[in-house]
S.K.: 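Structure below; questions to follow.
Here is how names work: the chains are called A, B, and so on, in the same order as the sequence lines, proteins then strands, and each is numbered from 1.
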Amino acid sequence: MEENLVIVESPAKAKTIEKFLGKGYTVKSSFGHIRDLSKKKLGVEIDNDFKPNYEVPEDKLKTVSELKKIAKKSKTIWLASDEDREGEAIAWHLFDTLELNEKSTKRIVFHEITKDAITNAIKNPRKIDYNLVNAQQARRILDRLVGFELSPLLWKKIKPSLSAGRVQSVAVRLIVEREREIIAFKAVSQYKVNGIFEFEDNKGKKYEVKADLQKAFTTKKDALAFLEKCKNSEFTISDIQVKPSIKSPAPPFTTSTLQQEASRKLGFSVLQTMTVAQKLYEAGFITYMRTDSVQLSELAIATSKNEIQEKYGKEYSKTRQFQTKSKGAQEAHEAIRPTYFSNSTVSASANEKKLYELIWKRAIASQMSDAVLEKTTISIKLSKSNEVFYINGEVIKFDGFLKVYLESTDDENEEQTASLLPPMRLNQKLNYISINADEKYNHHPARYTEASLVRKMEELGIGRPSTYAPTISTIIKREYVIKEDRQSKERTINCLTLNNNVIKDYQKKENYGYEKAKLFPTEIGIIVNDFLVDNFSNIIDFNFTASVEQEFDKIAEGETEWVKMLKNFYKKFHSKIEESTKNVEKSNIEKVLGIDPTTKKQVYVKFGKFGPYVQIGEKTETEKPKYASLKKSQYVETITLEEALELFTLPRNIGKFEENDVLSNIGRFGPYILHNKKFYSLKKGVDDPYSVKLERAIEIIEEKRKMETSGALKEFKEDTKLKIVKGRFGAYIKFNDLNYRIPSKTDWKDLTYDDVVAIIKTSPEKKTKKEVKETKSKSSKSNKSRKKK
DNA sequence: CAGTGAGCGAGCTTCCGCTTGACTT
């Protein structure tokens, strides 16, 4: 007969706790929830006070029967799931499903996984908190009702298999609304002026400094007039302001901030961050990675203090406890931190190592001193104008936490880095070397990345640490949203430069609008969103979650009865569903764009089963209209006649090669070149079938031929074992069966034998063959599951 | 490998949150 069975949610946690408790205690894991509402059916008896019908899902049967068996043999069962709404519900589901009895069952909670915390918890057991359980049931049932009544409505009114829910629909709405802001955005330009100045110190040493004019000019005329004034002006330092300032470290990571920083600093996707963090957690390197708390345990604060004092010195240590500010935080866990601060790194895969070091630095920095800075602003006065140039300088007097970590920002417009200034005196005279007035456009609001969407969701209190990554996957899988890169566009800007009292007026090309891994709404995402906003504005409201959360809190505190709350909500919601089912017409998007000048027929834009498309003429018994799909970047609401007509230019004959026509077109698998009955894929995001030139097409054809004949893009006579070959992610170097990356921004065509040898020499040490094989099998696996739809 | 867009109708789709494996190439 076993003495004690302790049940926690995670198996990794079970393992550590078992060590702390020692003999007499068996620690098992429930692997999260063990019961849920029926998968296929609604699972809620609406007319029977919303009675939920719970089922143990198939993949949990084994866990449940195993727990049941051990529970039967144990004297005391300790339900040690997390101390939040979901955790309490898990405890109750266990109690109910395992058919435990009240006398032998104890509910315990602990916030940190230390021996003290756990033995303390064992000493202070309590009963299951049914108010908290009911708050969870209300949450679960509400989500089910919303999801399972809204989704079928979409199947009827828009198209089958669509989905809607309290969380995902708001996430889509954020992306749709941001896109509309961007569509409505009109870029405005201004002339921003900066000058390079020169001066001498007492000893005759020369210095150069760059200064920015505070005022920007709206027209070229004004900018020109200002430069005219600069011509014979005197420049004098009129003011020097020195201000002390301090910078404080950011709190240690939560799930959301970890996802954001890993995205900005390491380029990880949200899912990738979670997968890597899970590995680190299972290996015992970090604490739990799904948390909304910024708090650290006493133990963590103490050990980090030791580590900092030893490594950096006493003056670098400043212990801090942060307060969680985010909406709806439940704080069942600690912040994400290394389990042992003495390990500043771990031996693991490259990505695990990178993420671990990020976590270590952030947590350590959070317990370090403020950085002390000195900010200097120098003003330069003109004798012939009232405008003022400024120079900003910053000196770090004491680096503090900056020694370890600096949080990055989402701001894409790189702010100029203030730096150390040369010795300057008040009233010092300066000479200009050049003064530039460049036309600068302002930027549209930034599109969401996965990580910035998570930040916004957290801000609104929508979703939980465990659902941020899956929610993004869902809205991408439903094709409401796509994540992709967009190439930059080019524009011409006007520039004025004053040099030796001569003003040069010229133009420059500038690239703008490049997007990397951003979230764009699709047409169907827009249609579904507009439908929901029109008919269910309360559900899709940004504050809906926050307001129902307040009601759940009241249930948890025993102030409100959960059935009453659901009745209240459902009455209004369901009548709206019925009303929309009856009164709202099936969505049928169709718009006339104008008349096609060549055929004189009407041009339509429509939405069909394969997405948005344009059509010339109507379908009649004798005539079949021409069809073409919209580009991913085009929308029904904004496409113009001109853009629509361009879509009909495919297939495009772009010239002759070896006496055969070369055609460009878009097919089932993307854009391609057709030549002599053979297909050549165009490079995604690089080649555009509407504008690709014959020269480039021939290059692509010859590249493929070369690969087919010799298996290599390029070979070297100096060494036959050395090749440049083409892989799934582009060209790479192959040497002695080992692969080497070609540095980004380098074109393989330009590589000489010596270059390649240099790349191989400077490349990090290669993996053994076995490891390469392992990663290969892993990537092909994930590749396959991605393809499976 | 390489564009689709008819119409009928059976049978199916769908939510959010808590946790990790287990199928094959």
S.K.: Where each residue is assigned the nucleotide of DNA chain B containing its nearest heavy atom, which of A:Pro152 and A:Ile462 is assigned the position nearer the 5′ end?
M.R.: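 Looking at DNA chain B, the more 5' nearest nucleotide goes with A:Pro152.
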
S.K.: Using the C1' atom as the reference point in each nucleotide, state the distance between B:dT13 and B:dG9 in Å, no decimals.
M.R.: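 One C1' to the other, the span is 16 Å.
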
S.K.: Could you say whether A:Tyr627 or A:Glu149 is positioned toward the 5' end of DNA chain B, judged by the nucleotide with the nearest heavy atom to each?
M.R.: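 Looking at DNA chain B, the more 5' nearest nucleotide goes with A:Tyr627.
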
S.K.: Please determine whether a side-chain nitrogen or oxygen atom of A:Arg166 lies at a distance below 4.0 Å from atom OP1 or OP2 of B:dG17.
M.R.: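 A:Arg166 to B:dG17 OP1/OP2: side-chain N or O found under 4.0 Å.
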
S.K.: Reckon A:Ser151 has a side-chain N or O less than 4.0 Å from the OP1 or OP2 of B:dT13?
M.R.: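 False: A:Ser151 side-chain N/O out of range (4.0 Å or more) of B:dT13 OP1/OP2.
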
S.K.: Pairing donors with acceptors under 3.5 angstrom, does anything connect the side chains of A:Tyr480 and A:Ser169?
M.R.: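 No, no side-chain donor-acceptor contact under 3.5 Å.
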
S.K.: Could you tell me whether A:Ser681 contacts a base, only the sugar-phosphate backbone, or nothing, with contacts defined as non-hydrogen atoms closer than 4.0 Å?
M.R.: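 Counting heavy atoms under 4.0 Å across all strands, the contact made by A:Ser681 includes a base.
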
S.K.: Any base atoms under 4.0 Å from A:Tyr468, or only sugar-phosphate, or nothing? Heavy atoms, all strands.
M.R.: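 Contact class for A:Tyr468: none.
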
S.K.: Hey, is the side chain of A:Arg464 poking within less than 4.0 Å of OP1 or OP2 on B:dC16, counting only N and O atoms?
M.R.: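 Indeed not, no polar side-chain atom of A:Arg464 lies that close.
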
S.K.: With sugar-phosphate meaning primed atoms plus P, OP1 and OP2, does A:Ser10 contact a base, only sugar-phosphate, or nothing at under 4.0 Å between heavy atoms?
M.R.: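 Since only primed, P, OP1 and OP2 atoms lie under 4.0 Å of A:Ser10, the category is sugar-phosphate.
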
S.K.: Classify the nucleic acid contact of A:Gly463 as base, sugar-phosphate or nothing, counting any heavy atom under 4.0 Å across all strands shown.
M.R.: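 Since only primed, P, OP1 and OP2 atoms lie under 4.0 Å of A:Gly463, the category is sugar-phosphate.
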
S.K.: B:dT19 P sits how many Å from A:Glu282 CD, rounded?
M.R.: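 My rounded result for the distance is 12 Å.
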
S.K.: Whether A:Arg85 and A:Glu549 form a salt bridge (side-chain N of Lys/Arg under 4.0 Å from carboxylate O of Asp/Glu) is what I want to check.
M.R.: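 Between A:Arg85 and A:Glu549 there is a salt bridge, with a charged N closer than 4.0 Å to a carboxylate O.
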
S.K.: Would you indicate what A:Val167 reaches in the nucleic acid, counting non-hydrogen atoms under 4.0 angstrom: base, sugar-phosphate, or nothing?
M.R.: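 The residue A:Val167 makes sugar-phosphate contact but no base contact.
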
S.K.: Could you tell me how far apart A:Met274 (CE) and B:dT19 (C1') are, to the nearest whole angstrom?
M.R.: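 Going from A:Met274 (CE) to B:dT19 (C1'), I get 12 Å.
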
S.K.: Can you check whether any acceptor in the base of B:dT4 is under 3.5 Å from a donor in the side chain of A:Ser629, or vice versa?
M.R.: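 Answer yes: a donor N or O sits under 3.5 Å from an acceptor.
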
S.K.: Output, in order, the C-alpha distance, side-chain angles, deciding distance and verdict of side-chain hydrogen bond (donor to acceptor under 3.5 Å, both in side chains) for A:Asp82 and A:His333.
M.R.: CA-CA 8 Å; A:Asp82 298 341; A:His333 305 273; 2.9 Å; yes

S.K.: Below the 4.0 Å mark, does B:dT14 have OP1 or OP2 next to a side-chain nitrogen or oxygen of A:Arg478?
M.R.: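 It does, given that an N or O in the side chain of A:Arg478 lies less than 4.0 Å from OP1 or OP2 of B:dT14.
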
S.K.: Which part of the nucleic acid, if any, lies within reach of A:Gln278 when heavy atoms closer than 4.0 Å are counted: base, sugar-phosphate only, or nothing?
M.R.: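 The answer is sugar-phosphate, as A:Gln278 gets under 4.0 Å only of primed atoms, P, OP1 or OP2.
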
S.K.: Which is true for A:Lys40 with a 4.0 Å heavy-atom rule: it touches a base, it touches only sugar-phosphate, or it touches nothing?
M.R.: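 Base, at least one base atom sits under 4.0 Å.
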
S.K.: Is any side-chain heavy atom of A:Lys567 closer than 4.5 Å to one of A:Trp562?
M.R.: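 No, too far: nothing below the 4.5 Å cut-off.
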
S.K.: Between A:Tyr54 and A:His93, how do the two ring planes meet: parallel, tilted or perpendicular, split at 30° and 60°?
M.R.: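 Ring orientation of A:Tyr54 relative to A:His93: perpendicular.
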
S.K.: Any side-chain N or O of A:Ser163 under 4.0 Å from OP1/OP2 of B:dC15?
M.R.: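 Looking at the OP1 and OP2 atoms of B:dC15, one of them is under 4.0 Å from a side-chain N or O of A:Ser163.
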
S.K.: In whole angstroms, how far is the P atom of B:dT13 from the NZ atom of A:Lys157?
M.R.: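 Value for this atom pair: 21 Å.
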
S.K.: Regarding A:Thr474, tell me which of base, sugar-phosphate or nothing describes its non-hydrogen contacts under 4.0 Å with the strands shown.
M.R.: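 Here A:Thr474 touches the backbone only, sparing every base.
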
S.K.: I want to check one thing: is the phosphate of B:dG5, taken as OP1 and OP2, less than 4.0 Å away from some side-chain N or O of A:Lys624?
M.R.: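 Checking B:dG5 against A:Lys624, a side-chain N or O does come within under 4.0 Å of OP1 or OP2.
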
S.K.: Would you say a side-chain N or O of A:Gln168 is under 4.0 Å from OP1 or OP2 of B:dC15?
M.R.: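 Affirmative; the distance criterion is met.
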
S.K.: Starting from P on B:dG17, measure out to CG on A:Asp82 and report it in whole angstrom.
M.R.: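 Taking atom P of B:dG17 as the reference, CG of A:Asp82 is at 15 Å.
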
S.K.: For A:Leu37, report the nucleic acid contact type (base, sugar-phosphate, nothing); a contact means any heavy atom under 4.0 Å.
M.R.: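 Here A:Leu37 touches no strand at all.
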
S.K.: Does a donor on one side chain sit under 3.5 Å from an acceptor on the other, for A:Glu334 and A:Thr291?
M.R.: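 On atom types as modelled, these side chains do not qualify, holding no pair under 3.5 Å.
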
S.K.: Of the candidate nucleotides B:dA2, B:dT19, B:dT4, which contains the atom at the shortest distance from the side chain of A:Phe610?
M.R.: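 Of B:dA2, B:dT19, B:dT4, B:dT4 is nearest to the side chain of A:Phe610.
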
S.K.: Hey, mind stepping through A:Phe607 and A:Tyr613 against ring pair (Phe, Tyr, Trp, His ring centres under 6.0 Å) and telling me if it holds?
M.R.: CA-CA 6 Å; A:Phe607 188 81; A:Tyr613 64 100; 8.5 Å; no

S.K.: In whole angstrom, give the distance that lies between atom NZ of A:Lys62 and atom C1' of B:dG21.
M.R.: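 Atom NZ in A:Lys62 sits about 9 Å away from atom C1' in B:dG21.
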
S.K.: Using a heavy-atom cut-off of under 4.0 Å over every strand shown, decide if A:Gly32 touches base, sugar-phosphate, or nothing.
M.R.: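 The answer is base, as A:Gly32 lies within the cut-off (heavy atoms under 4.0 Å) of a base atom.
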
S.K.: Return no unless some side-chain N or O of A:Tyr680 is found under 4.0 Å from OP1 or OP2 of B:dA2.
M.R.: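 No, because none of the side-chain N or O atoms of A:Tyr680 sits under 4.0 Å from OP1 or OP2 of B:dA2.
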
S.K.: Of the nucleotides B:dC15, B:dT19, B:dC1, which has the atom closest to the A:Arg290 side chain?
M.R.: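 The nucleotide sitting nearest to the side chain is B:dT19.
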
S.K.: A:His33 has an atom NE2; how far is it from atom P of B:dG17, in whole Å?
M.R.: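 Distance, rounded to whole Å: 10 Å.
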
S.K.: For A:Lys159 and B:dT4, give me the distance from atom NZ to atom C1', rounded to whole Å.
M.R.: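 Distance check: A:Lys159 NZ to B:dT4 C1' gives 13 Å.
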
S.K.: Examine B:dT19: is either OP1 or OP2 under 4.0 Å from a nitrogen or oxygen in the side chain of A:Ser30? Give yes or no.
M.R.: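 Looking at the OP1 and OP2 atoms of B:dT19, neither is under 4.0 Å from any side-chain N or O of A:Ser30.
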
S.K.: When the ring planes of A:Phe679 and A:Tyr672 are compared, do they come out parallel, tilted or perpendicular, using 30° and 60° as the limits?
M.R.: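 Judged by the thresholds at 30° and 60°, the geometry between A:Phe679 and A:Tyr672 is perpendicular.
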
S.K.: Using whole Å, what does the distance between atom C1' of nucleotide B:dC15 and atom CH2 of A:Trp155 come to?
M.R.: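 After rounding, the reported distance stands at 10 Å.
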
S.K.: Across the strands shown, which category fits A:Pro11 at heavy-atom distances under 4.0 angstrom: base, sugar-phosphate, nothing?
M.R.: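 Sugar-phosphate only.
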
S.K.: Under 4.0 angstrom, heavy atoms only, what part of the nucleic acid is A:Ala164 near: base, sugar-phosphate, or nothing?
M.R.: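 Contact class for A:Ala164: sugar-phosphate only.
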
S.K.: Counting any heavy atom closer than 4.0 Å, what does A:Arg139 reach on the DNA or RNA strands: base, sugar-phosphate only, or nothing?
M.R.: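 Base contact - A:Arg139 has a heavy atom under 4.0 Å of at least one base atom.
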
S.K.: Classify A:Gly43 by what it touches in the nucleic acid, base, sugar-phosphate, or nothing, heavy-atom distance under 4.0 Å.
M.R.: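 No contact.
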
